[in-house]
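Below: the structure, in structure tokens.
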Amino acid sequence: MTSKNSKRFDDVRLGEALPELAIPITTTLIASAAIATRDYFPGHHDMEAAQQLGSPHVFMNILTTSGLTQRFVEGWAGPAARFKDLKIKLGAPNYPGDTMTFSGEVVRTDAASREVDVALKGKNSMGSHVTGTATLVLP
């Protein structure tokens, strides 16, 4: 759930940790989010097709990962924060039955532009599913 309160630039500190967010990975999440993003690649909704590709189960697409990453950062920053940039890199796949836990910390602040950079990671039982940075402008 996104907080109705927004972080203000003056309240953010370098090294500040974001609260962790654990997201259960389900077949429904993977398949419905892939379809919602118009990604009809069979590996995201058809287990047999995914297995023919060498995967043990359906796997999450990058658009879903991007959306969940934004949810994590906005949950900390609040709805008045403006995303300026999001750079992510995928690692271990997300499969149903696992949990992805996001963590992050403030790694740069710029008072002149009111920008904040957050380094983030989403890990599952196999390691890092996503790593990256988000640049936000805060009120």
Test side chain to side chain contact (heavy atoms under 4.5 Å, CB included) on Val58 and His44 and set out the steps.
-> CA-CA 5 Å; Val58 295; His44 302 312; 5.7 Å; no

Could you state whether Ile23 and Val130 fall into the same hydrophobic cluster, counting links through intermediate Ile, Leu, Val, Met, Phe, Trp or Tyr residues with side-chain heavy atoms under 4.5 angstrom apart?
->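 Yes, because Ile23 and Val130 connect within a single hydrophobic cluster, where side-chain heavy atoms sit under 4.5 Å apart.
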
Is it true that Phe59 and Leu63 fall in one hydrophobic cluster, defined by side-chain heavy atoms closer than 4.5 Å?
->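 Shared cluster, no.
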
Check step by step if side chain to side chain contact (heavy atoms under 4.5 Å, CB included) holds for Arg108 and Thr135.
-> CA-CA 9 Å; Arg108 183 185 74 87; Thr135 301; 4.2 Å; yes

Say you draw a straight line from [atom1] of [X] to [atom2] of [Y]; how long is it, rounded to the nearest 0.5 Å?
X: Phe9; Y: Asp110; atom1: CZ; atom2: CG; answer: 6.5 Å
X: Thr64; Y: Arg71; atom1: OG1; atom2: CZ; answer: 12.5 Å
X: Tyr95; Y: Ile25; atom1: OH; atom2: CD1; answer: 12.5 Å
X: Leu120; Y: Leu18; atom1: CG; atom2: CG; answer: 8.5 Å
X: Ile35; Y: His45; atom1: CD1; atom2: NE2; answer: 6.0 Å
X: Met47; Y: Ile30; atom1: CE; atom2: CD1; answer: 11.5 Å

Tell me whether [X] contacts the main-chain N or O of [Y] through its side chain, where contact means a donor paired with an acceptor under 3.5 Å.
X: Ser55; Y: His57; answer: yes
X: Asn124; Y: Pro93; answer: yes
X: Arg13; Y: Asp10; answer: yes
X: Arg8; Y: Leu138; answer: no

Answer whether the closest heavy-atom distance between the side chains of Met60 and Leu90 falls below 4.5 Å.
->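 Side-chain contact under 4.5 Å: no.
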
Is there a side-chain contact between Ile62 and Asp39 (heavy atoms, below 4.5 Å)?
->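 No - every pair of side-chain heavy atoms lies 4.5 Å or more apart.
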
Nearest heavy-atom neighbours spanning [X] and [Y]:
X: Ala134; Y: Leu86; value: CB-CD1, 3.9 Å
X: Ser6; Y: Ala81; value: OG-N, 4.3 Å
X: Ser128; Y: Lys121; value: OG-CD, 3.3 Å
X: Trp76; Y: Val116; value: CH2-CG1, 4.3 Å
X: Ala22; Y: Thr101; value: CB-OG1, 3.9 Å
X: Lys7; Y: Val12; value: CD-CG2, 4.2 Å

Determine, step by step, whether Thr65 and Asn94 satisfy the side chain to side chain donor-acceptor pair (under 3.5 Å) criterion, reporting the C-alpha distance in whole Å, the side-chain angles of both residues, the deciding distance to 0.1 Å, and the verdict.
-> CA-CA 9 Å; Thr65 299; Asn94 266 338; 4.9 Å; no

Verify whether one side chain among Ser125 and Asp98 offers a donor that lies under 3.5 Å from an acceptor in the other.
->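 The answer is yes; a qualifying pair exists.
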
Not counting sequence neighbours, list each pair that qualifies as a ring pair (Phe, Tyr, Trp, His ring centres under 6.0 Å) and has a residue in residues 101-138.
->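 Residue pairs passing ring pair (Phe, Tyr, Trp, His ring centres under 6.0 Å), neighbours aside: Phe72-Phe102.
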
Show the numbers, then the answer: is there a side chain to side chain contact (heavy atoms under 4.5 Å, CB included) between Val73 and Gln70?
-> CA-CA 5 Å; Val73 175; Gln70 290 176 340; 6.0 Å; no

